2 protein chains.
Amino acid sequence: MCKTCGCSFRSRNFGGIERFVEPCILLLLSKNPSHGYSLMDDLEKHCGEKVDVGNLYRTLRRMEMDGWVESDWSKNESGPDRRTYTVTEDGLEFLKSAVSSLSRTDKTIHRLFDRFKETFPSEQL
Amino acid sequence: MCKTCGCSFRSRNFGGIERFVEPCILLLLSKNPSHGYSLMDDLEKHCGEKVDVGNLYRTLRRMEMDGWVESDWSKNESGPDRRTYTVTEDGLEFLKSAVSSLSRTDKTIHRLFDRFKETFPSEQL
DNA sequence: TTACACATATGTAAATATCATATAGTATAA
DNA sequence: TTATACTATATGATATTTACATATGTGTAA
(Lines give C-alpha, C1' and ligand atoms only; values in the text may rest on other atoms or scores of the structure.)
Protein backbone atom coordinates (compact mmCIF):
# COMPACT_ATOMS: atom_id res chain seq x y z
CA MET A 1 0.00 0.00 0.00
CA CYS A 2 1.29 3.39 -1.02
CA LYS A 3 1.93 5.66 1.97
CA THR A 4 1.44 8.95 0.20
CA CYS A 5 -1.86 8.48 -1.58
CA GLY A 6 -3.31 5.35 -0.03
CA CYS A 7 -3.72 3.64 -3.37
CA SER A 8 -3.02 -0.02 -3.98
CA PHE A 9 0.42 0.63 -5.43
CA ARG A 10 3.23 -0.25 -3.08
CA SER A 11 5.35 2.58 -4.44
CA ARG A 12 3.89 5.84 -5.67
CA ASN A 13 5.78 5.73 -8.91
CA PHE A 14 4.48 2.43 -10.24
CA GLY A 15 5.36 1.89 -13.86
CA GLY A 16 7.99 4.56 -13.73
CA ILE A 17 11.22 4.23 -15.65
CA GLU A 18 14.41 3.42 -13.85
CA ARG A 19 16.72 6.45 -13.73
CA PHE A 20 14.72 8.31 -16.33
CA VAL A 21 15.95 11.69 -15.06
CA GLU A 22 19.45 11.06 -16.33
CA PRO A 23 18.73 11.17 -20.07
CA CYS A 24 16.36 14.06 -19.37
CA ILE A 25 19.11 16.01 -17.66
CA LEU A 26 21.57 15.29 -20.45
CA LEU A 27 19.11 16.41 -23.09
CA LEU A 28 18.43 19.67 -21.25
CA LEU A 29 22.15 20.27 -20.75
CA SER A 30 22.87 19.59 -24.40
CA LYS A 31 20.80 22.69 -25.18
CA ASN A 32 22.25 24.88 -22.41
CA PRO A 33 24.60 24.43 -19.48
CA SER A 34 22.59 24.80 -16.30
CA HIS A 35 22.55 24.27 -12.54
CA GLY A 36 20.62 21.95 -10.22
CA TYR A 37 17.93 24.28 -9.02
CA SER A 38 17.12 25.43 -12.51
CA LEU A 39 17.12 21.87 -13.86
CA MET A 40 14.57 20.95 -11.22
CA ASP A 41 12.09 23.37 -12.76
CA ASP A 42 12.95 22.46 -16.33
CA LEU A 43 12.56 18.74 -15.65
CA GLU A 44 9.03 19.35 -14.46
CA LYS A 45 8.09 21.82 -17.18
CA HIS A 46 9.68 20.20 -20.18
CA CYS A 47 10.01 16.54 -19.19
CA GLY A 48 7.06 15.97 -16.89
CA GLU A 49 9.42 14.71 -14.19
CA LYS A 50 8.82 15.70 -10.60
CA VAL A 51 12.23 15.11 -9.08
CA ASP A 52 13.13 14.93 -5.42
CA VAL A 53 15.56 17.80 -4.73
CA GLY A 54 18.04 15.75 -2.77
CA ASN A 55 17.98 13.01 -5.35
CA LEU A 56 18.61 15.48 -8.14
CA TYR A 57 21.77 16.88 -6.58
CA ARG A 58 23.08 13.42 -5.78
CA THR A 59 22.31 12.27 -9.31
CA LEU A 60 24.21 15.21 -10.76
CA ARG A 61 27.29 14.43 -8.66
CA ARG A 62 27.07 10.77 -9.64
CA MET A 63 26.79 11.70 -13.31
CA GLU A 64 29.90 13.80 -12.88
CA MET A 65 31.71 10.79 -11.37
CA ASP A 66 30.64 8.83 -14.44
CA GLY A 67 32.11 11.51 -16.64
CA TRP A 68 28.84 12.44 -18.33
CA VAL A 69 28.82 16.01 -17.06
CA GLU A 70 31.33 18.54 -15.74
CA SER A 71 30.71 21.27 -13.20
CA ASP A 72 32.10 24.64 -12.18
CA TRP A 73 31.00 27.20 -9.64
CA SER A 74 29.65 30.34 -11.19
CA LYS A 75 29.15 33.63 -9.39
CA ASN A 76 25.59 34.75 -8.83
CA GLU A 77 25.03 38.46 -8.12
CA SER A 78 21.48 38.06 -6.91
CA GLY A 79 21.71 34.94 -4.74
CA PRO A 80 23.94 32.05 -3.71
CA ASP A 81 26.56 30.84 -6.16
CA ARG A 82 25.65 28.05 -8.54
CA ARG A 83 27.30 24.85 -9.62
CA THR A 84 26.89 24.96 -13.37
CA TYR A 85 26.85 21.67 -15.26
CA THR A 86 27.95 21.04 -18.83
CA VAL A 87 27.45 17.85 -20.80
CA THR A 88 30.54 15.95 -22.01
CA GLU A 89 31.17 13.83 -25.11
CA ASP A 90 30.73 10.69 -23.00
CA GLY A 91 27.49 12.15 -21.70
CA LEU A 92 26.16 12.64 -25.22
CA GLU A 93 27.15 9.09 -26.08
CA PHE A 94 25.34 7.80 -23.02
CA LEU A 95 22.29 9.88 -23.93
CA LYS A 96 22.15 8.24 -27.34
CA SER A 97 22.44 4.71 -25.96
CA ALA A 98 19.89 5.56 -23.29
CA VAL A 99 17.46 6.70 -25.96
CA SER A 100 17.80 3.47 -27.89
CA SER A 101 17.42 1.53 -24.67
CA LEU A 102 14.22 3.47 -23.99
CA SER A 103 13.09 2.74 -27.50
CA ARG A 104 13.28 -0.97 -26.71
CA THR A 105 11.39 -0.35 -23.47
CA ASP A 106 8.75 1.47 -25.45
CA LYS A 107 8.31 -1.55 -27.74
CA THR A 108 7.94 -3.79 -24.71
CA ILE A 109 5.22 -1.57 -23.26
CA HIS A 110 3.31 -1.58 -26.53
CA ARG A 111 3.57 -5.32 -26.71
CA LEU A 112 1.76 -5.42 -23.37
CA PHE A 113 -0.82 -2.90 -24.61
CA ASP A 114 -1.54 -5.06 -27.64
CA ARG A 115 -2.03 -8.17 -25.54
CA PHE A 116 -4.16 -6.22 -23.11
CA LYS A 117 -6.45 -4.88 -25.84
CA GLU A 118 -6.70 -8.40 -27.25
CA THR A 119 -7.80 -9.80 -23.89
CA PHE A 120 -9.96 -6.84 -22.81
CA PRO A 121 -11.28 -5.29 -26.03
CA SER A 122 -13.75 -3.05 -24.20
CA GLU A 123 -11.18 -1.47 -21.85
CA GLN A 124 -9.58 1.91 -22.44
CA LEU A 125 -5.85 2.54 -22.11
CA MET B 1 29.87 0.44 -14.62
CA CYS B 2 27.69 -2.58 -15.21
CA LYS B 3 29.25 -5.75 -13.73
CA THR B 4 27.69 -8.21 -16.15
CA CYS B 5 28.45 -6.69 -19.54
CA GLY B 6 31.05 -4.03 -18.75
CA CYS B 7 29.00 -1.28 -20.38
CA SER B 8 28.66 2.20 -18.98
CA PHE B 9 25.31 1.52 -17.40
CA ARG B 10 25.43 1.16 -13.63
CA SER B 11 22.66 -1.40 -13.76
CA ARG B 12 22.17 -3.77 -16.67
CA ASN B 13 18.53 -2.96 -17.01
CA PHE B 14 18.84 0.76 -17.63
CA GLY B 15 15.59 2.32 -18.77
CA GLY B 16 13.62 -0.65 -17.53
CA ILE B 17 10.22 -0.26 -15.99
CA GLU B 18 9.72 -0.61 -12.28
CA ARG B 19 7.86 -3.82 -11.45
CA PHE B 20 6.86 -4.38 -15.05
CA VAL B 21 6.55 -8.15 -14.51
CA GLU B 22 3.49 -7.71 -12.33
CA PRO B 23 1.04 -6.53 -15.00
CA CYS B 24 2.63 -9.06 -17.36
CA ILE B 25 1.95 -11.90 -14.93
CA LEU B 26 -1.63 -10.73 -14.35
CA LEU B 27 -2.29 -10.54 -18.07
CA LEU B 28 -0.94 -14.05 -18.59
CA LEU B 29 -2.97 -15.39 -15.65
CA SER B 30 -6.12 -13.72 -16.91
CA LYS B 31 -5.89 -16.04 -19.91
CA ASN B 32 -4.98 -19.19 -17.97
CA PRO B 33 -4.11 -20.08 -14.39
CA SER B 34 -0.46 -21.10 -14.31
CA HIS B 35 2.53 -21.78 -12.06
CA GLY B 36 5.87 -20.02 -11.53
CA TYR B 37 8.12 -22.16 -13.66
CA SER B 38 5.74 -21.99 -16.59
CA LEU B 39 5.24 -18.24 -16.21
CA MET B 40 8.99 -17.83 -16.42
CA ASP B 41 8.96 -19.19 -19.95
CA ASP B 42 5.82 -17.33 -20.98
CA LEU B 43 7.15 -14.02 -19.70
CA GLU B 44 10.15 -14.38 -21.95
CA LYS B 45 8.26 -15.71 -24.97
CA HIS B 46 5.20 -13.49 -24.90
CA CYS B 47 6.30 -10.43 -22.96
CA GLY B 48 10.00 -10.13 -23.75
CA GLU B 49 10.82 -10.18 -20.05
CA LYS B 50 13.81 -12.15 -18.83
CA VAL B 51 12.96 -12.61 -15.16
CA ASP B 52 15.25 -13.72 -12.39
CA VAL B 53 13.86 -17.01 -11.04
CA GLY B 54 14.14 -16.07 -7.39
CA ASN B 55 12.61 -12.70 -8.09
CA LEU B 56 9.68 -14.28 -9.89
CA TYR B 57 8.73 -16.57 -7.01
CA ARG B 58 9.08 -13.78 -4.49
CA THR B 59 6.99 -11.46 -6.68
CA LEU B 60 4.25 -14.08 -6.93
CA ARG B 61 4.09 -14.50 -3.15
CA ARG B 62 4.03 -10.73 -2.73
CA MET B 63 1.21 -10.42 -5.24
CA GLU B 64 -0.70 -13.03 -3.27
CA MET B 65 -0.20 -10.98 -0.10
CA ASP B 66 -1.62 -8.01 -2.00
CA GLY B 67 -4.65 -10.09 -2.95
CA TRP B 68 -4.04 -9.89 -6.69
CA VAL B 69 -3.58 -13.64 -7.14
CA GLU B 70 -4.50 -16.81 -5.28
CA SER B 71 -2.57 -20.06 -5.20
CA ASP B 72 -3.14 -23.76 -4.65
CA TRP B 73 -0.88 -26.78 -4.89
CA SER B 74 -1.69 -29.03 -7.79
CA LYS B 75 -0.44 -32.60 -8.20
CA ASN B 76 2.05 -33.23 -10.97
CA GLU B 77 2.50 -36.85 -12.14
CA SER B 78 5.64 -36.17 -14.12
CA GLY B 79 7.61 -33.98 -11.72
CA PRO B 80 7.41 -31.95 -8.52
CA ASP B 81 4.04 -30.52 -7.48
CA ARG B 82 3.17 -27.05 -8.65
CA ARG B 83 1.77 -23.98 -6.95
CA THR B 84 -0.89 -22.85 -9.39
CA TYR B 85 -1.83 -19.18 -9.43
CA THR B 86 -5.17 -17.66 -10.37
CA VAL B 87 -5.91 -13.96 -10.84
CA THR B 88 -8.48 -12.32 -8.55
CA GLU B 89 -10.94 -9.45 -9.12
CA ASP B 90 -8.57 -7.10 -7.28
CA GLY B 91 -5.78 -8.37 -9.50
CA LEU B 92 -7.71 -7.49 -12.64
CA GLU B 93 -8.47 -4.06 -11.25
CA PHE B 94 -4.80 -3.53 -10.51
CA LEU B 95 -3.91 -4.67 -14.01
CA LYS B 96 -6.20 -2.03 -15.48
CA SER B 97 -4.80 0.78 -13.36
CA ALA B 98 -1.28 -0.45 -14.11
CA VAL B 99 -1.99 -0.26 -17.82
CA SER B 100 -3.21 3.31 -17.60
CA SER B 101 -0.21 4.15 -15.46
CA LEU B 102 2.02 2.66 -18.15
CA SER B 103 0.15 4.64 -20.74
CA ARG B 104 1.21 7.83 -18.99
CA THR B 105 4.76 6.52 -18.81
CA ASP B 106 4.62 5.89 -22.54
CA LYS B 107 3.61 9.50 -23.19
CA THR B 108 6.54 10.67 -21.05
CA ILE B 109 8.98 8.56 -23.06
CA HIS B 110 7.66 9.91 -26.34
CA ARG B 111 7.96 13.44 -25.05
CA LEU B 112 11.67 12.72 -24.54
CA PHE B 113 11.93 11.17 -28.00
CA ASP B 114 10.41 14.27 -29.57
CA ARG B 115 12.82 16.59 -27.79
CA PHE B 116 15.70 14.30 -28.69
CA LYS B 117 14.81 14.29 -32.39
CA GLU B 118 14.46 18.06 -32.25
CA THR B 119 17.94 18.44 -30.78
CA PHE B 120 19.63 15.68 -32.77
CA PRO B 121 17.74 15.45 -36.08
CA SER B 122 20.31 13.15 -37.66
CA GLU B 123 20.25 10.53 -34.90
CA GLN B 124 18.25 7.32 -35.04
CA LEU B 125 16.12 6.05 -32.21
C1' DT C 1 14.97 41.14 11.86
C1' DT C 2 12.11 38.23 10.04
C1' DA C 3 10.54 35.78 6.32
C1' DC C 4 11.04 33.89 1.95
C1' DA C 5 13.06 32.39 -2.45
C1' DC C 6 17.27 30.54 -4.16
C1' DA C 7 20.83 27.03 -3.94
C1' DT C 8 23.37 22.86 -2.62
C1' DA C 9 23.89 19.00 0.20
C1' DT C 10 23.62 14.85 3.51
C1' DG C 11 21.30 11.18 6.66
C1' DT C 12 18.35 7.50 6.85
C1' DA C 13 15.08 4.29 5.54
C1' DA C 14 12.27 1.77 2.28
C1' DA C 15 11.51 -0.58 -1.95
C1' DT C 16 13.46 -3.23 -5.75
C1' DA C 17 16.63 -5.86 -8.30
C1' DT C 18 20.48 -9.03 -8.68
C1' DC C 19 23.19 -12.93 -7.79
C1' DA C 20 24.05 -17.08 -5.47
C1' DT C 21 22.57 -21.10 -3.31
C1' DA C 22 19.39 -24.70 -1.13
C1' DT C 23 16.08 -28.36 -1.58
C1' DA C 24 13.43 -31.87 -3.61
C1' DG C 25 10.70 -34.80 -7.05
C1' DT C 26 10.89 -37.29 -11.53
C1' DA C 27 12.97 -39.21 -15.65
C1' DT C 28 16.54 -41.33 -18.25
C1' DA C 29 20.80 -42.97 -19.78
C1' DA C 30 25.15 -45.29 -18.43
C1' DT D 1 21.86 -48.07 -8.99
C1' DT D 2 24.16 -44.21 -9.74
C1' DA D 3 24.81 -40.07 -11.93
C1' DT D 4 22.88 -36.48 -14.45
C1' DA D 5 19.51 -33.39 -16.11
C1' DC D 6 15.21 -31.17 -15.97
C1' DT D 7 11.33 -29.50 -13.42
C1' DA D 8 9.82 -26.81 -9.50
C1' DT D 9 9.83 -23.72 -5.47
C1' DA D 10 12.26 -21.06 -2.24
C1' DT D 11 15.61 -18.20 0.68
C1' DG D 12 20.05 -15.50 1.97
C1' DA D 13 22.82 -11.78 1.04
C1' DT D 14 23.88 -7.81 -1.27
C1' DA D 15 23.51 -3.88 -4.40
C1' DT D 16 20.90 -0.35 -6.40
C1' DT D 17 17.45 3.01 -6.63
C1' DT D 18 13.99 5.91 -4.71
C1' DA D 19 11.68 8.48 -1.01
C1' DC D 20 11.40 11.38 2.80
C1' DA D 21 13.46 14.38 6.12
C1' DT D 22 16.62 17.71 7.46
C1' DA D 23 20.79 20.88 7.45
C1' DT D 24 23.11 24.95 5.82
C1' DG D 25 24.00 29.25 3.70
C1' DT D 26 23.13 33.59 0.45
C1' DG D 27 20.61 37.45 -1.02
C1' DT D 28 16.22 40.36 -1.12
C1' DA D 29 12.19 42.59 0.29
C1' DA D 30 8.76 43.79 3.78
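If you're wondering where the values come from, they're calculated on a predicted model, not measured in any experiment. Letters A, B, ... are given to chains in the order of the sequence lines, protein chains preceding strands, and every chain is numbered from 1.
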Hey, could you give me the NE2/NZ distance between A:His46 and A:Lys31, rounded to the nearest 0.5 Å? 8.5 Å
Looking only at the side chain of B:Tyr37 (C-beta and beyond, no hydrogens), which of the listed nucleotides C:dT8, D:dT9, D:dA10 gets closest? D:dT9
Specify the separation, in whole Å, of atom CZ of A:Arg19 and atom P of C:dA17. 14 Å
Atom CZ of A:Phe20 to atom C1' of C:dT16: distance rounded to whole Å? 20 Å
Taking atom C1' of D:dT11 as reference, at what distance in whole Å does atom CG of B:Asn55 sit? 12 Å
Which of residues 23-35 of chain A have a heavy atom under 4.0 Å from DNA chain C? A:His35
Judged by nearest nucleotide, the residue sitting upstream toward the 5' end of DNA chain D, A:Arg58 or B:Tyr57, is B:Tyr57
Would you confirm whether A:Ser101, through its side chain, and B:Phe14, through its main-chain N or O, come within 3.5 Å as a donor-acceptor pair? yes
Value for NZ (B:Lys107) from CG (A:Leu125), rounded to nearest 0.5 Å, stands at 8.0 Å
Quick one: bend of the helix from C:dT1-D:dA30 to C:dA30-D:dT1 from 5 pairs per end, to 10°? 10°
Is the ring pair A:Phe94/A:Trp68 parallel, tilted or perpendicular, if the boundaries are 30 and 60 degrees? parallel
Spacing of A:Arg62 atom CZ relative to C:dT8 atom P, expressed in whole Å: 18 Å
Within this structure, what is the CZ-to-P distance between B:Arg61 and D:dT11, rounded to whole angstrom? 6 Å
Please determine whether any donor N or O and acceptor N or O are separated by less than 3.5 Å between the side chain of B:Asp52 and the base of C:dA17. no
Report the distance from atom CG of B:Leu56 to atom P of C:dC19, rounded to the nearest whole Å. 16 Å
Look at the rings of B:Phe120 and B:Phe116 and say which category their plane angle falls in: under 30° parallel, 30 to 60° tilted, over 60° perpendicular. tilted
Between C1' of D:dT7 and NZ of B:Lys75, the distance in whole Å: 15 Å
Check every atom of C:dT16, D:dT18, C:dT8 against the side chain of A:Trp73 and return the nucleotide holding the closest atom. C:dT8
The contact string for nucleotides 25-30 of chain D, one letter per nucleotide 5' to 3', using protein heavy atoms under 4.0 Å with B, S and - for base, sugar-phosphate only and none, comes out as BBSS--
Is a donor on one side and an acceptor on the other found under 3.5 Å between the side chain of B:Thr84 and the backbone of B:Ser74? no
Under a 4.0 Å N-O cut-off, is there an ion pair linking B:Glu49 with A:Arg111? no
Nearest listed nucleotide, side chain of B:Arg82, among C:dA17, D:dT18, D:dT7: D:dT7
What is the separation between atom CZ on B:Arg83 and atom P on C:dT23, rounded to the nearest whole Å? 19 Å
Does B:Glu64 have more than 12 heavy atoms from other residues, nucleotides or ligands lying within 6.0 Å of its CD? yes
Let me confirm one number: the CG-OG1 distance from A:Leu102 to A:Thr108, rounded to the nearest 0.5 Å. 10.5 Å
Separation between SG (B:Cys47) and CG (B:Leu27), nearest 0.5 Å, reads 6.5 Å
Measure the spacing between CD of A:Gln124 and NZ of A:Lys117 and express it to the nearest 0.5 Å. 10.5 Å
Rounded to the nearest 0.5 Å, what separates atom NZ in A:Lys50 from atom CG in A:Leu56? 15.5 Å
